[in-house]
Chemist: 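Take a look at this one; I'll ask things after.
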Amino acid sequence: MMYKMDLGRIMAFPLLNARYEGPLGGLDKVPRPFLIGVAGGTASGKSTVCDKIMEQLKKSGLEHHRHVTIISQDSFYRDLTAEEHERAKKGEHNFDHPDSFDVELMRRTLVDIKAGKVMELPMYDYIAHKRTTKTTVIHCADVVLFEGILVFYFPEIRDLFNMRLFVDTDPDTRLSRRVLRDVEERGRSLEQILHQYMTLVKPAFEEFCLPTKKYADVIIPRGADNIVAVDLIVQHIQELMRPNRPGRRQRNNSDSIVGRPH
Ligand SMILES: Nc1ncnc2c1ncn2[C@@H]1O[C@H](COP(=O)(O)OP(=O)(O)O)[C@@H](O)[C@H]1O
Ligand SMILES: O=c1ccn([C@@H]2O[C@H](COP(=O)(O)O)[C@@H](O)[C@H]2O)c(=O)[nH]1
């Protein structure tokens, strides 16, 4: 069966066998797909860090055996009403509040991904403020990176991750990157970006996103510029995924990689 998430529903239709039994089969104690949550404020570099991790896993030769997929929490924004849509066009809809997300859909989808089901997720269109017909297919993934501002906020989502990363980039840097990106790629005016940032994005970051840093296994200061942190994370994933690794075991929620913050 292939499961297709479409405008708030999950559609299932026959395609392949739902469960992918990879080369490690039942002998592998490391959960697969190995699900990594990547949180952090807007424009902190979450997507860029995910790209680097994927790139390095591929460079190391793992791509012959491992498939890595990146998905975004933005695929799980709730559909807007006509009134909300009008407000969104003026930068007055709060996309940074937890209520903006369809948490149950997110949970069910991640549970299905963890169960090895083949999934097709729509990508998000920031200009139209809705999901598009472009999709990411998750098929036989060994590692799935799930990135978003609030991926650690909801306990039922947070608990699904096998590893949790928080990208910690200075707020001035994030704002300047957001301005450039939103003008270039998301069709926003400078006035709209700054108004949305000051009234909604920044307060929500402080109230909902920043407090979730404590759930991270690894905090990555400066995002993708932090080559040492990215290298260590990649090495750790490679070590975990190495076949016949002695002492391989399931993640315990109290495990940490470099050190769990207070
Ligand atoms: N280390 C970096 N140096 C310079 N620009 C960066 C860096 N990391 C990200 N960016 C840029 O900042 C913007 C936001 O980065 P992105 O990775 O998409 O952040 P997020 O996924 O957290 O929103 C993008 O335009 C990206 O190219
Ligand atoms: O329609 C939308 C949806 C989201 N946003 C803003 O996007 C960021 C989250 O994306 P990042 O890539 O992590 O920056 C969030 O802060 C929302 O404010 C939007 O403006 N419009």
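As the structure lists them, so they are numbered: ligands from 1, and atoms in each ligand from 1. Owing to the predicted nature of the structure, the values given are computational and were not obtained by experimental measurement.
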Chemist: Before signing off on this row, confirm whether T42 and ligand 1 have an N or O atom pair separated by under 3.5 Å.
Modeler: no
Chemist: Yes or no on side chain to side chain contact (heavy atoms under 4.5 Å, CB included) for V183 and R188, after CA distance, side-chain angles and deciding distance?
Modeler: CA-CA 5 Å; V183 167; R188 311 280 199 269; 5.6 Å; no
Chemist: Which protein residues have a heavy atom closer than 4.0 Å to any atom of ligand 2, listed by chain and number?
Modeler: T42, A43, K46, D74, Y77, F95, D96, Y124, Y126, H129, I149, R178, R181, R186, R188, Q196, V201
Chemist: For ligand 1, which atoms sit closer than 4.0 Å to a heavy atom of S44?
Modeler: 19 (O), 22 (O)
Chemist: Nearest non-hydrogen contact with atom 11 (C) of ligand 1 belongs to which option: E184, E185, R177, R181?
Modeler: R177
Chemist: If you measure every N/O of A224 against every N/O of ligand 1, is any gap under 3.5 Å?
Modeler: no
Chemist: Just which atoms of ligand 1 are under 4.0 Å from any heavy atom in G41?
Modeler: 22 (O)
Chemist: According to ring-ring contact (aromatic ring centres under 6.0 Å, His included), who are the partners of F205, at least two apart in sequence or on a separate chain?
Modeler: none
Chemist: To the nearest 0.1 Å, how far is atom 19 (O) of ligand 1 from its closest protein heavy atom, and which atom is that?
Modeler: G45 N, 3.1 Å
Chemist: Give the C-alpha distance, both sets of side-chain angles, the deciding distance and a yes or no for ring pair (Phe, Tyr, Trp, His ring centres under 6.0 Å) between F208 and Y153.
Modeler: CA-CA 7 Å; F208 306 114; Y153 181 80; 5.7 Å; yes
Chemist: Once salt bridge (charged side-chain N to carboxylate O under 4.0 Å, His left out) is applied, what residue pairs with a partner in residues 190-204 remain, sequence neighbours excluded?
Modeler: K202-E206
Chemist: Only heavy atoms of A43, strictly under 4.0 Å: list the atoms of ligand 1 that pass.
Modeler: 14 (C), 19 (O), 20 (P), 22 (O), 23 (O)
Chemist: Assign the ring pair H129 / F95 to parallel, tilted or perpendicular, where the plane angle (0 to 90°) is split at 30° and 60°.
Modeler: parallel
Chemist: Would R178 and T42 count as having a side-chain donor-acceptor pair, cut-off 3.5 Å?
Modeler: yes
Chemist: Please state which protein non-hydrogen atom is closest to atom 27 (O) of ligand 1 and give its distance, to 0.1 Å?
Modeler: T48 OG1, 4.6 Å
Chemist: Among all protein heavy atoms, pick the one closest to atom 21 (O) of ligand 1 and tell me residue, atom and distance.
Modeler: S47 OG, 2.7 Å
Chemist: Please tell me if atom 1 (N) of ligand 1 is touched by the protein, where touching means a protein heavy-atom distance below 4.0 Å.
Modeler: yes
Chemist: Is there a salt bridge (Lys or Arg N to Asp or Glu O under 4.0 Å) between R131 and D79? Walk through the geometry before answering.
Modeler: CA-CA 8 Å; R131 290 185 271 268; D79 293 332; 3.4 Å; yes
Chemist: Check this for me: does any side-chain nitrogen of one of R87 and E83 sit under 4.0 Å from a carboxylate oxygen of the other?
Modeler: no
Chemist: What do you reckon, are the aromatic ring centroids of Y197 and H195 less than 6.0 Å apart?
Modeler: no
Chemist: Using the side chain to side chain contact (heavy atoms under 4.5 Å, CB included) rule, pick out the option among R78, H85, E84 that qualifies with T81.
Modeler: E84
Chemist: Residues two or more places apart in sequence or in another chain: which of them pass ring-ring contact (aromatic ring centres under 6.0 Å, His included) with Y126?
Modeler: Y124
Chemist: Mark whether atom 24 (C) of ligand 1 lies under 4.0 angstrom from at least one protein heavy atom.
Modeler: no
Chemist: Is any N or O atom of R222, backbone or side chain, closer than 3.5 Å to an N or O atom of ligand 1?
Modeler: no
Chemist: Under a 4.0 Å N-O cut-off, is there an ion pair linking D125 with K130?
Modeler: no
